[in-house]
2 protein chains.
Amino acid sequence: MGRQAAAPESRKLSAGETAEDARTHILDAAEALFENEGYRAASVRAITAKAGVNLAAINYYFGNKEALLEAVCQRRLGPLNEARLRKLKEIRAGARRVGRKVELQPVLRAFMAPALLLKESGGSAAGFPALFGRALADPDDTVQRIIFKMMKPVHQLMLEMMGEALPGVSREEVFWRYQFVIGAMARATRVYKNPRFRGAGLEDPGPEGGVNTLIDRLVSFTLAGAQAAPGMNIKCKKNSAPESI
Amino acid sequence: MGRQAAAPESRKLSAGETAEDARTHILDAAEALFENEGYRAASVRAITAKAGVNLAAINYYFGNKEALLEAVCQRRLGPLNEARLRKLKEIRAGARRVGRKVELQPVLRAFMAPALLLKESGGSAAGFPALFGRALADPDDTVQRIIFKMMKPVHQLMLEMMGEALPGVSREEVFWRYQFVIGAMARATRVYKNPRFRGAGLEDPGPEGGVNTLIDRLVSFTLAGAQAAPGMNIKCKKNSAPESI
DNA sequence: AACAGTTTTAAACGATTGTATTAAACGGAG
DNA sequence: CTCCGTTTAATACAATCGTTTAAAACTGTT
């Protein structure tokens, strides 16, 4: 714990802002490597090499590798979750104003769109959704704790508003439908524009292969799924006709 | 590469079957540790210690750690995918027999049920679905290659049959809906019975908290999602009334 | 009992990991 | 210029990684 909090706090750089540059370069390199290799596999040596800084720079600026991961996530997930919460509360306020219950579709869109829109934000942020999609399933406890802490307010509000939008559906049922939404979105962030899936049934990006199309598909899928009547599909495999339409 | 294929091939053990026991103990320990720690983080020392065998046993029986992961996956995913393919072909044959198109609901059930049913198969296999759910998002290339190779036949048949069950839906659209199905299922395998999510909006396991309930929820959600009309939810955010129902 | 093949053991290998240390280079203020 | 706080640099550290080696222990057969 020797040099605790050695990060610069005086902030009186003026000329080249080199310190802020180094931090940013490290964050960018770490984001890219965490996305492609995972948290554990991305070594501090690889990160510092890619960032063009010295090996010790990570410990100097962030303390340790775990704090770096937290900073990487915070940089993107902070504004992203703020946008989500703002939009969700806006939706709820709008519904209150006209004395109606919250509508499910804009809620799902408010949750998913900000994340996927990062994908076409030219800069280095484009890689974060995939990184986050990975992190959701990362076995590392460090990753899980960081993600869970940052997502908790969003999770709570989403569960509350989905519950309101789905009257008569039990809390447990709402919980699971929200999990399915998360799963579908997380999968999308990892598959979209991933060269591994090129040609695996997906020939061209298509005439409308942009992120907006993907968001529409996700919202359409999860909206119908979350509104589905439960238990309709139990034990009707043999006697009924195969299709109706 | 020194001792290539040093695995026992003569198979003339008779008394205690100790060799097969060691292999099985290693597979069980590796399965549990891969599930909880991930492929990279689960060291061969931890695996062999948990299995109660010598450190060198993994290299002796499997060659290296990567081959061990492949064996772990093969042991569960082999029979599992066989069951899936058998059921899917059965469904298709049944549809052909009556001259109709394949129905989507049994297709989704045939894909998801065998995997989730492992969760309540008392033995060590119960941990595999979560392991597989993780592996789907694992950043490690080794993991991805193994999973992709084993899943390819299932993926191909699923895409084909979902395409048949969804006439008029483009191949690209079918591809994405299948990805959403995979994502929802993968998320379910990792959340179900995970102590981390206990109390996060899910108070009790509920009176019907078994795997069958989860499967029904998944099938219900993904069936409605995959059958949803696409693009219905575009551009209706501002001018229309906040809610209609 | 002596042998041959299989399995288990203890020890060590080189490589890589995250972090700590210590000194050198930098840059504006006095 | 000199000084001082900040940043960079090279190097070393202990720990752990997957794998290899060679000898010991065990097995059933002759």
Side-chain angles (χ1 to χ4, degrees), chain A residues 1-26 29-30 33-34 37-72 140-143, chain B residues 1-26 29-30 33-34 37-72 140-143:
Chain A
M1 296 292 176
R3 179 184 296 171
Q4 87 291 0
E9 305 187 10
S10 43
R11 299 273 90 248
K12 50 182 165 182
L13 298 170
S14 57
E17 281 290 316
T18 71
E20 207 54 39
D21 280 358
R23 271 185 70 101
T24 304
H25 289 158
I26 292 174
L33 286 176
F34 285 161
E37 325 265 353
Y39 170 65
R40 289 189 102 104
S43 68
V44 302
R45 282 170 177 80
I47 295 170
T48 51
K50 187 181 180 73
V53 299
N54 186 265
L55 167 63
I58 285 181
N59 296 280
Y60 177 75
Y61 281 105
F62 300 94
N64 53 28
K65 191 186 178 185
E66 177 174 338
L68 169 62
L69 171 65
E70 196 157 355
V72 167
D140 196 296
D141 248 18
T142 300
V143 178
Chain B
M1 295 290 180
R3 178 185 296 172
Q4 87 290 0
E9 305 187 10
S10 43
R11 299 270 93 250
K12 50 182 167 184
L13 299 169
S14 57
E17 281 291 315
T18 71
E20 208 53 37
D21 281 358
R23 272 186 69 101
T24 304
H25 289 159
I26 292 173
L33 286 175
F34 286 160
E37 325 264 354
Y39 170 66
R40 288 189 102 102
S43 69
V44 303
R45 283 171 175 81
I47 295 170
T48 51
K50 187 181 178 73
V53 299
N54 186 267
L55 167 64
I58 285 180
N59 296 280
Y60 178 74
Y61 281 106
F62 299 94
N64 53 28
K65 191 187 178 185
E66 178 175 337
L68 169 62
L69 171 65
E70 198 158 354
V72 166
D140 196 296
D141 247 19
T142 300
V143 178

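Letters go in sequence order (proteins before strands), and every chain restarts at 1.
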Measure the distance from CZ on A:Arg40 to C1' on D:dG18 and round it to the nearest whole Å. 15 Å

What is the distance, to the nearest angstrom, from the CD atom on B:Glu66 to the C1' atom on D:dC17? 16 Å

Would you say a side-chain N or O of A:Asn64 is under 4.0 Å from OP1 or OP2 of C:dG18? no

Who pairs with A:Ser43 by side chain to side chain donor-acceptor pair (under 3.5 Å), at least two apart in sequence or on another chain? none

Encode nucleotides 10-15 of chain C as B, S and - characters from 5' to 3', where the letter depends on protein heavy atoms closer than 4.0 Å: B to the base, S only to sugar-phosphate, - to neither. BBB---

May I have the list of side-chain donor-acceptor pairs in residues 62-69 of chain A shorter than 3.5 Å, sequence neighbours left out?
from	atom 1	to	atom 2	distance (Å)
A:Asn64	OD1	A:Glu66	N	3.4
A:Asn64	OD1	A:Ala67	N	2.9
A:Lys65	NZ	A:Tyr39	O	2.8
A:Lys65	NZ	A:Arg40	O	3.4
A:Lys65	NZ	A:Ala42	O	2.9

Pairing residues for B:Glu70 by the salt bridge (charged side-chain N to carboxylate O under 4.0 Å, His left out) criterion, not counting sequence neighbours: B:Lys149

Phosphate contact (C:dT8 OP1 or OP2) by B:Tyr61 side-chain N/O below 4.0 Å: yes

A:Tyr60 has an atom OH; how far is it from atom C1' of D:dA10, in whole Å? 17 Å

Roughly how far, to the nearest 0.5 Å, is OH of B:Tyr61 from NE2 of B:His25? 11.0 Å

With a 4.0 Å cut-off on heavy atoms, is A:Ala42 in touch with a base, just the backbone sugar-phosphate, or nothing at all? sugar-phosphate

Whole-Å gap separating P (D:dA10) and CG (A:Asn59): 16 Å

Would you mind reading off the distance between B:Glu37 atom CD and D:dC17 atom P, rounded to a whole angstrom? 11 Å

Would you mind writing out the side-chain donor-acceptor pairs for residues 45-53 of chain B within the sub-3.5 Å range, not counting sequence neighbours?
from	atom 1	to	atom 2	distance (Å)
B:Thr48	OG1	B:Val44	O	2.7
B:Thr48	OG1	B:Arg45	O	3.1

When you measure from the side chain of A:Lys65, which nucleotide among C:dT19, D:dT20, D:dG18 comes out closest? C:dT19

Could you tell me how far apart B:Asp21 (CG) and D:dC26 (P) are, to the nearest whole angstrom? 17 Å

According to a strict under-4.0 Å criterion, is A:Ser43 in side-chain N/O contact with OP1 or OP2 of C:dT17? yes

Going by side chain to side chain donor-acceptor pair (under 3.5 Å), name the residues that satisfy it together with B:Asn54, two or more places apart in sequence or in a different chain. none

Starting at OH of B:Tyr39 and ending at P of D:dC17, how long is that distance when rounded to a whole Å? 14 Å

Rounded distance in Å - CD1 (B:Ile58) to C1' (C:dT9): 15 Å

